[in-house]
Amino acid sequence: MARGLADFSPSALHEYRMNLNGRPDAASMTADELARLVGATKAQILAYENGHRVPDPPRVRALAQALNIHPWQLMNVNSSWTVPDYRRGAGLRAQDVVGLLGVSPKNYRRFENEGIIPSRRPQFMDEVASVLGMSRRLLEQAIDRTPAVKRRQARASELVVAMAERYVPRPGPWRGPALDDPNLIELAASYGRPVQRIRRVLAYELGQLRQKQVRAQRERVIADYDTDRHRQAGARQATERWYEVYDSSLVQIPRRLERFHRTAQPSDVWQLVVDLYNVDATWRSDAGVWAVTELLCSDSKVLSPYLVERHTVEDVSVCRLSTAGTRHVSAFGGLYGALYPGVRRPIRPISHGGARQRGASDTFSLPNRTERLVVPQPLLETARRVATDTKSVIRLRLSTRFDLMLGTNSLSLVATDEFPPADDHD
């Protein structure tokens with residue numbers, strides 16, 4: 001039996017070959033016909049269907065292609081599958097995936113065996129999910145079932161608790177864990193990241209815990225020494241709540257570090273994500289707000305498809321944060337701030353009646369379209385400064401058909417054939 005294909009389903013192969021489920025776009029075929037399509041013999045096909053032999057991953061892929069189905073449809077997919085199981089179920093060998101991704105065999109082995117994402121491949125999870133033909137969420141769940149990941153999480157919990165007990169109560173200015181702390185060094189090695197990087201994000205996480213502990217201690221003083229019984233009773237309850245929050249937050253740190261390092265973006269890409277968030281170019285059930293991609297960055301390929309949706313309005317390329325992207329900013333903005341202290345930070349959008357909104361002067365629309373488009377804030381501010389200094393209107397190219405005329409306090413859209421050519425302003 002081929003390694004890793006114990007979940008091959010002989011009955012599924014027979015069902016799809018004979019088209020027993022009546023697919024309108026398929027027809028039944030004989031075992032001999034299927035054999036010719038996949039370069040096998042009739043005896044081999046019948047042996048697969050009778051459970052006497054199991055096809056190897058390339059043969060599974062060939063069978064699926066001949067039957068016009070996904071390779072997983074020939075497998076008994078179950079909830080205990082890890083990444084190697086999904087990879088084999090997709091009819092791929094590890095060397096196939098290495099070639100498709102252009103990654104080293106060592107890095108891919110670390111990913112499958114330990115769930116460690118190559119640090120220089122911020123879109124690695126997106127790429128693997130695409131190659132295996134699975135959703136990002138399904139891939140996350142498969143990684144979480146990896147035995148080495150489970151062991152890392154258990155050990156990380158012990159290490160984080162030990163450092164919290166050592167550093168959080170320490171009096172004086174907050175400095176975070178010592179760079180030579182053995183627990184920190186072990187934690188960094190388990191995540192496959194530099195010690196300095198883990199120290200920065202952990203200093204932030206433990207610093208948040210320290211604030212909760214301080215709040216609890218303040219309430220404890222009131223509970224112990226206030227002369228008003230009602231205030232004492234309220235302070236006792238508040239003390240208990242803050243310690244509950246402390247304990248809950250402490251337990252979540254290892255899982256947060258795991259999630260963060262699977263999706264963490266380099267500083268320049270994180271800046272673009274923040275710029276989308278700050279202009280409220282985030283997912284909505286309606287048309288919503290979209291940022292003009294050309295005005296956001298010169299190479300849209302750096303934007304993770306998991307975090308950023310891309311779209312075209314007429315011939316204008318636009319983008320916005322996906323639901324996952326918005327959650328990513330909300331969940332990890334503090335960690336990014338600890339890693340990249342010099343970059344722009346997420347700014348909570350103005351809220352009116354529970355809905356996030358932007359001023360009408362900041363957005364514009366194309367003719368007969370409901371989508372509201374927005375210029376990323378850094379470029380908008382720069383262009384308006386130039387417009388103010390030169391007492392002129394700045395022209396920004398949106399596409400081959402549309403330009404945006406930007407003044408000190410105005411935005412107006414023009415078709416390119418309505419305005420004489422001019423040099424674009426940065």
Side-chain angles (χ1 to χ4, degrees), residues 265 267-284 286-303 307-322 325-326 329 333 342-352 355-426:
Q265 302 295 302
S267 59
D268 56 338
V269 179
W270 166 244
Q271 189 68 93
L272 300 177
V273 171
V274 168
D275 289 341
L276 290 175
Y277 182 85
N278 287 348
V279 296
D280 201 21
T282 56
W283 184 89
R284 295 284 187 280
D286 57 6
V289 176
W290 297 80
V292 179
T293 307
E294 293 294 326
L295 304 182
L296 177 72
C297 59
S298 58
D299 182 11
S300 62
K301 293 180 181 178
V302 302
L303 300 173
L307 302 177
V308 180
E309 297 178 356
R310 301 181 197 175
H311 182 47
T312 301
V313 182
E314 299 299 338
D315 67 336
V316 179
S317 296
V318 295
C319 60
R320 66 181 179 186
L321 291 183
S322 63
T326 304
V329 175
V343 303
R344 291 183 294 277
R345 299 196 175 196
I347 300 172
R348 187 182 300 276
I350 299 173
S351 178
H352 296 286
R356 302 197 309 176
Q357 299 182 0
R358 295 197 54 79
S361 62
D362 290 343
T363 63
F364 61 96
S365 297
L366 298 183
N368 303 315
R369 297 300 296 253
T370 58
E371 297 93 344
R372 288 177 294 140
L373 308 188
V374 65
V375 179
Q377 202 66 26
L379 178 60
L380 181 65
E381 293 174 354
T382 299
R384 281 186 165 157
R385 279 198 300 269
V386 172
T388 300
D389 293 341
T390 61
K391 296 180 172 58
S392 62
V393 175
I394 305 302
R395 183 181 183 183
L396 301 175
R397 173 58 57 89
L398 302 182
S399 69
T400 58
R401 294 175 53 200
F402 298 102
D403 286 350
L404 188 66
M405 310 306 295
L406 192 150
T408 304
N409 296 300
S410 64
L411 288 176
S412 61
L413 183 74
V414 297
T416 53
D417 57 2
E418 296 177 2
F419 203 91
D423 294 333
D424 291 341
H425 290 262
D426 292 332

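Quick caveat, the model's predicted, so the values are computed rather than measured.
- In terms of the salt bridge (charged side-chain N to carboxylate O under 4.0 Å, His left out) criterion, residue partners of E314 (sequence neighbours excluded) are, by chain and number, R369, R401.
- With sequence neighbours excluded, the residues satisfying side chain to side chain contact (heavy atoms under 4.5 Å, CB included) with T408 are A387, T388.
- Looking at R310, its side chain does come within 3.5 Å of a backbone N or O of S300 through a donor-acceptor pair.
- Residues W270 and V343 have side chains in contact (heavy-atom distance under 4.5 Å, counting atoms from C-beta outward).
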For L295 and L398, run side-chain contact (heavy atoms from CB on, under 4.5 Å): C-alpha distance rounded to whole Å, both residues' side-chain angles, the deciding distance at 0.1 Å, then the answer. CA-CA 8 Å; L295 304 182; L398 302 182; 3.8 Å; yes
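- Rounding to the nearest 0.5 Å gives a distance of 7.5 Å between OG1 of T293 and CG of L303.
- No side-chain donor-acceptor contact under 3.5 Å links S298 to the backbone of E294.
- Inter-residue side-chain proximity for V318 and L373 is flagged as met; some heavy-atom pair is nearer than 4.5 Å.
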Walk me through whether R344 and D275 qualify under side-chain contact (heavy atoms from CB on, under 4.5 Å). CA-CA 8 Å; R344 291 183 294 277; D275 289 341; 2.9 Å; yes
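- For the residue pair R384 / T382, no side-chain donor-acceptor distance below 3.5 Å is found, with atom types taken as modelled.
- A 4.5 Å side-chain heavy-atom check between L404 and V375 finds at least one atom pair inside the cut-off.
- With a 4.5 Å cut-off on side-chain heavy atoms, V273 and V329 count as touching.
- Considering CH2 of W290 and CG of D280, their distance stands at 13.0 Å, rounded to 0.5 Å.
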Using the rule given for side-chain contact (heavy atoms from CB on, under 4.5 Å), can you reason through I394 versus L396, listing the C-alpha separation, both sets of side-chain angles and the distance that settles it, and then say yes or no? CA-CA 7 Å; I394 305 302; L396 301 175; 4.1 Å; yes
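- For the atom pair R320 CZ and L276 CG, the distance stands at 11.0 Å (nearest 0.5 Å).
- With contacts defined as side-chain heavy-atom distances shorter than 4.5 Å, the pair Y277/L321 qualifies.
- For the residue pair A291 and A281, the shortest heavy atom distance occurs at N-CB, 3.9 Å.
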With side-chain contact (heavy atoms from CB on, under 4.5 Å) as the criterion, how do C319 and L296 come out once you've worked through the C-alpha distance, each side chain's angles and the decisive distance to 0.1 Å? CA-CA 9 Å; C319 60; L296 177 72; 3.7 Å; yes
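- The side-chain heavy atoms of P367 and F402, taken from C-beta on, include a pair separated by under 4.5 Å.
- Atoms CZ and CG, from R372 and L366 in turn, are 13.5 Å apart once rounded to the nearest 0.5 Å.
- With hydrogens and angles disregarded, a donor-acceptor distance shorter than 3.5 Å links the side chain of T416 to the backbone of T400.
- Taking all atoms of both residues into account, the shortest heavy-atom contact from D403 to L413 is O-CD1, 3.4 Å.
- Counting heavy atoms from C-beta outward, V289 and T282 have side chains that stay 4.5 Å or more apart.
- Under the 3.5 Å distance criterion, the side-chain polar atoms of N278 are matched with a main-chain donor or acceptor of R345.
- Side chain of S322 to backbone of E309: no donor-acceptor contact under 3.5 angstrom is found.
- In this structure, CG on L379 lies 11.5 Å from SG on C297, to the nearest 0.5 angstrom.
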